[in-house]
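One structure is given here, and the rest of the page talks about it.
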Amino acid sequence: MQGLKDRDLFRQAGLIGGAWKAAASGKAVDVIDPATQAVIGSVPDMGGGETRAAVESADAAFGPWRKKTHAERAALLEKWFALMIEHMDDLALILTTEQGKPLEEAKGEIRYGASFVKWFAEEARRIGGSTIPSPTPDRRIVVLKEPVGVCGIVTPWNFPNAMITRKVAPALAAGCTVVIKPSEFTPYSALALGVLAERAGIPAGVINIVTGMPTDIGNEIMANETVRKISFTGSTRVGSLLMRGAADSVKRLSLELGGNAPFIVFDDADLDLAVEGALVSKFRNGGQTCVCANRILVQAGVYDAFAKKLADRVDAMRVGPGTEAGVSIGPMINEPAIAKIRAHVEDAVAKGAKIITRPRPLPEGPQYTAPIVLTGATTGMRLASEETFGPVAPLFRFETEEEAIAIANGTPFGLAAYFYTESLRRAWRVGEALEFGMVGLNTGAISTEVAPFGGVKQSGLGREGAQVGIEEYLEIKTFHIGGLA
Ligand SMILES: NC(=O)c1ccc[n+]([C@@H]2O[C@H](COP(=O)([O-])OP(=O)(O)OC[C@H]3O[C@@H](n4cnc5c(N)ncnc54)[C@H](O)[C@@H]3O)[C@@H](O)[C@H]2O)c1
Ligand SMILES: O=C[C@H](O)CS(=O)(=O)O
């Protein structure tokens, strides 16, 4: 890869038991730069056999890793964190090249990804248990927290660094070992993290990375009884498939799945603040973010003013390759993503929506799409019920608070919701009425390592980050000590 200061971070092999490996079949999968469609390189197309070997390595490493003190594990995580920060420019360049997001956003993701490693290095020292008053005088009852064991970590392409660290950092801090299956579209960010983990001194086998197409790897992760937990971020379709597959061996599950976030602007909102929030929430990563505003609901009294302000700002956004200075919307991940965005817009326009942003020339290449604002969106349109996952801001008009809440909650998803109001009473009322795992009031930015992240309904199970994130990788053992009378 051109432009890296440390070329060793660009690896084209899987990591199993401390060894960098090709696929047993000799097969490889090409990885494409979404800005140019050029082949960046290839990674091994591994399958069930390599995944089994990775699980065996993780299992062999589990005993010694869990026996380390929390402070020892924390020190290794701190070193890993420091290396991520030291190599931020290279990690960001790898990320932008394989995923497409603007370089400054990629740096933001590296900082965000690293923040989980730092956070859980600190949390490692705070894994506690408890004692319970015994029902009889001859007994003591102690609640111990123990690592779950080998974890399968399956991650998406849209945040190829942070979605890994948000899982692996708490897993390692808790004393678990992992087999990571990164997205086949963006494996290089994961492999660079593997290189830095080695350099940090994290022992061989604690982190294993299997690359390639998902079905065989996924089947082995689901079926292998040594894997005690699967932590998955991605679509609801694949999440529910993993849930079914994990059932036979009753694995623990964390699922961070799709969303369909409402972003509600009430008549009494600070409109400028709401526009800023909408830009942050809607257009981060070109709209390819699970917590992106998908449906922007605007009360009738401010609808036209909000639409104009938002459209003016969107007209000023630059579209281009993520490596170019000043670009705020990079290419979309692949052509099916572009096709879905187009289909949503065409469906909306056919049903009466209007594009109010200016037409603009786009850079050459099939994966660019213009950010747009649509007025006249209604609940019968595809973009009301499906994640568009692109830079399309549809504005729905509503009259009353009850109507807005009904539209917002009228989805099987429940990841993130946002609303803007200056009224304290409405803030509590609406905040409590929204059926979502995360709610932003007067802010479009809710992602941080310090706060629980996760959804309800078909958006998933469990929470990542914060104090609770490590619990996902800990089992409770109740230790009854008798005969003490
Ligand atoms: N809730 C969250 O925190 C969160 C975060 C990021 C993305 N997402 C969601 O992810 C989706 C976009 O990501 P995506 O397109 O990579 O999702 P995806 O579900 O297609 O893929 C996610 C991962 O699952 C793997 N996978 C696919 N089929 C599999 C199988 N049969 N067995 C095992 N693994 C399999 C993929 O290779 C990839 O690594 C969106 O719906 C988005 O909302 C959610
Ligand atoms: O795509 C959804 C992610 O969880 C991204 S972030 O955590 O909000 O940055």
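These numbers were taken from a predicted model, which means no experiment stands behind them. Just so you know, ligand 1 is whichever comes first in the structure, and atom 1 is the first atom listed for that ligand. Only heavy atoms go into these numbers, but all of them, side chains included; no hydrogens, no water, no symmetry mates.
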> Do ligand 1 and Trp157 have nitrogen or oxygen atoms that lie under 3.5 Å from each other?
Replying inline: yes
> Do Ser459 and Lys457 have side-chain N/O donor and acceptor atoms under 3.5 Å apart?
Replying inline: no
>> Students should be able to answer this: which protein heavy-atom is nearest to atom 13 (O) of ligand 1, and at what distance?
In response: Pro156 CB, 3.4 Å
>> Can you name the atoms of ligand 1, numbered from 1 with element, that are less than 4.0 Å from a heavy atom of Asn158?
In response: 6 (C), 7 (C)
> Are Asn260 and Asn294 linked by a side-chain donor-acceptor pair shorter than 3.5 Å?
Replying inline: yes
> After noting the C-alpha distance and the side-chain angles of Tyr188 and Trp157, does the key distance pass the ring-ring contact (aromatic ring centres under 6.0 Å, His included) rule?
Replying inline: CA-CA 11 Å; Tyr188 293 127; Trp157 51 263; over 10 Å; no
> To the nearest 0.1 Å, how far is atom 26 (N) of ligand 1 from its closest protein heavy atom, and which atom is that?
Replying inline: Pro214 CB, 3.5 Å
> Between Thr177 and Ala58, what is the shortest heavy-atom contact and its length?
Replying inline: OG1-O, 2.7 Å
>> Looking at Glu105 and Asn285, would you say the former's side chain and the latter's main chain have a donor-acceptor pair under 3.5 Å?
In response: yes
> What residue and heavy atom of the protein are closest to atom 12 (C) of ligand 1, and at what distance?
Replying inline: Phe389 CE2, 3.8 Å
> Which of the numbered atoms in ligand 1 are below 4.0 angstrom from a heavy atom of Phe232?
Replying inline: 19 (O), 22 (C), 23 (C), 24 (O)
> What residue and atom, counting heavy atoms only, is the protein's closest point to atom 5 (C) of ligand 1, and at what distance?
Replying inline: Thr233 CG2, 3.0 Å
>> I need the contact type for Phe159 against ligand 1. Using non-hydrogen atoms and a strict under-4.0 Å cut-off, is it side chain, backbone, both or neither?
In response: neither
> Between the main-chain N or O of Lys107 and the side-chain N or O of Asn161, is there a donor-acceptor pair closer than 3.5 Å?
Replying inline: no
> Are any of the heavy atoms in Val291 under 4.0 Å away from ligand 1?
Replying inline: no
> For the residue pair Arg228 and Ser249, what are the closest heavy atoms and their distance?
Replying inline: NH1-O, 3.4 Å
> Does Met213 approach ligand 1 within less than 4.0 angstrom via side chain, backbone, both or neither, non-hydrogen atoms only?
Replying inline: neither
>> Among all protein heavy atoms in this structure, tell me which lies nearest to atom 43 (O) of ligand 1, with the distance rounded to 0.1 Å.
In response: Glu387 OE2, 2.6 Å
> Under a 4.0 Å heavy-atom limit, does Ser459 contact ligand 1 with its side chain, its backbone, both, or neither?
Replying inline: neither
>> Treating Gln458 as the side-chain partner and Phe413 as the backbone partner, does any N or O pair qualify as donor plus acceptor under 3.5 Å?
In response: no
> In terms of residue, atom name and distance, what is the protein heavy atom nearest to atom 9 (C) of ligand 1?
Replying inline: Gly234 O, 3.2 Å
>> With nothing but distance in play, are any N or O atoms of Leu257 less than 3.5 Å from an N or O of ligand 1?
In response: yes
>> With a 6.0 Å cut-off on the ring centroids, do Phe263 and Tyr420 count as close?
In response: yes
> Hey, is ligand 1 close enough to Leu415 that some N/O pair sits below 3.5 Å?
Replying inline: no
> Measuring from each atom of ligand 2, which residues have a heavy atom under 4.0 Å away?
Replying inline: Tyr112, Asn158, Phe159, Met163, Arg166, Arg284, Thr289, Cys290, Val291, Ser447, Phe453
>> Regarding Asn224 and Arg52, do their side chains bring together a donor and an acceptor under 3.5 Å, going by distance alone?
In response: no
> Between the side chains of Arg252 and Tyr473, is a donor N or O closer than 3.5 angstrom to an acceptor N or O?
Replying inline: no
> Below 6.0 angstrom between ring centroids: does that apply to Phe419 and Phe436?
Replying inline: no
> Considering only heavy atoms of Gly258, which atoms of ligand 1 have at least one such atom less than 4.0 Å away?
Replying inline: 41 (O), 43 (O)
> Cut-off 3.5 Å, side chains only: do Thr233 and Lys167 have a donor facing an acceptor?
Replying inline: yes
> Aromatic ring centroids of Phe453 and Trp119 under 6.0 Å?
Replying inline: no
>> Contact between Met84 and Thr165 at the side-chain level, heavy atoms closer than 4.5 Å - yes or no?
In response: yes
>> Suppose we measure from atom 31 (N) of ligand 1 to each protein heavy atom; which comes out shortest, and what is that distance?
In response: Leu241 CD2, 3.6 Å
> Is Phe453 touching ligand 1 with its side chain, its backbone, both, or neither, if touching means heavy atoms under 4.0 Å apart?
Replying inline: side chain
>> Does the protein come close to atom 41 (O) of ligand 1 - that is, does one of its heavy atoms sit below 4.0 Å from that atom?
In response: yes
> Counting heavy atoms only, which of Gly218, Cys290, Ala162, Gly454 is nearest atom 4 (C) of ligand 1?
Replying inline: Cys290
> If you measure only the distance, is there a donor-acceptor pair under 3.5 Å linking the side chains of Glu335 and Gln367?
Replying inline: no
>> At under 4.0 Å between heavy atoms, is it the side chain or the backbone of Ile221 that contacts ligand 1, or both, or neither?
In response: neither
> Which part of Asn219 is near ligand 1, with near meaning a heavy atom under 4.0 Å away: side chain, backbone, both or neither?
Replying inline: neither
>> Could you tell me, atom by atom, which parts of ligand 1 come under 4.0 Å of a heavy atom of Val154?
In response: 23 (C), 24 (O), 25 (C), 34 (N), 39 (O)
> Between the side chains of Glu56 and Thr226, does any donor sit under 3.5 Å from an acceptor?
Replying inline: no
> Under 3.5 Å, side chain of Asn442 to main-chain N/O of Leu273, donor-acceptor pair present?
Replying inline: no
> Pro182 heavy atoms, cut-off 4.0 Å: which ligand 1 atoms fall inside?
Replying inline: 39 (O)
> Counting heavy atoms only, which of Glu184, Met163, Arg166 comes nearest to atom 36 (C) of ligand 1?
Replying inline: Glu184
> Under 3.5 Å, is there a donor-acceptor pair linking the side chains of Thr96 and Lys101?
Replying inline: no
>> Looking only at distances, can you tell me whether any N or O atom of Ser235, backbone or side chain, sits closer than 3.5 Å to an N or O atom of ligand 1?
In response: yes
> Looking at ligand 1, does any of its N/O atoms fall within less than 3.5 Å of an N/O of Thr236?
Replying inline: no
> In this structure, are over 12 heavy atoms from other groups packed under 6.0 Å from Glu225 atom CD?
Replying inline: no
>> Suppose we measure from atom 23 (C) of ligand 1 to each protein heavy atom; which comes out shortest, and what is that distance?
In response: Thr155 O, 3.5 Å
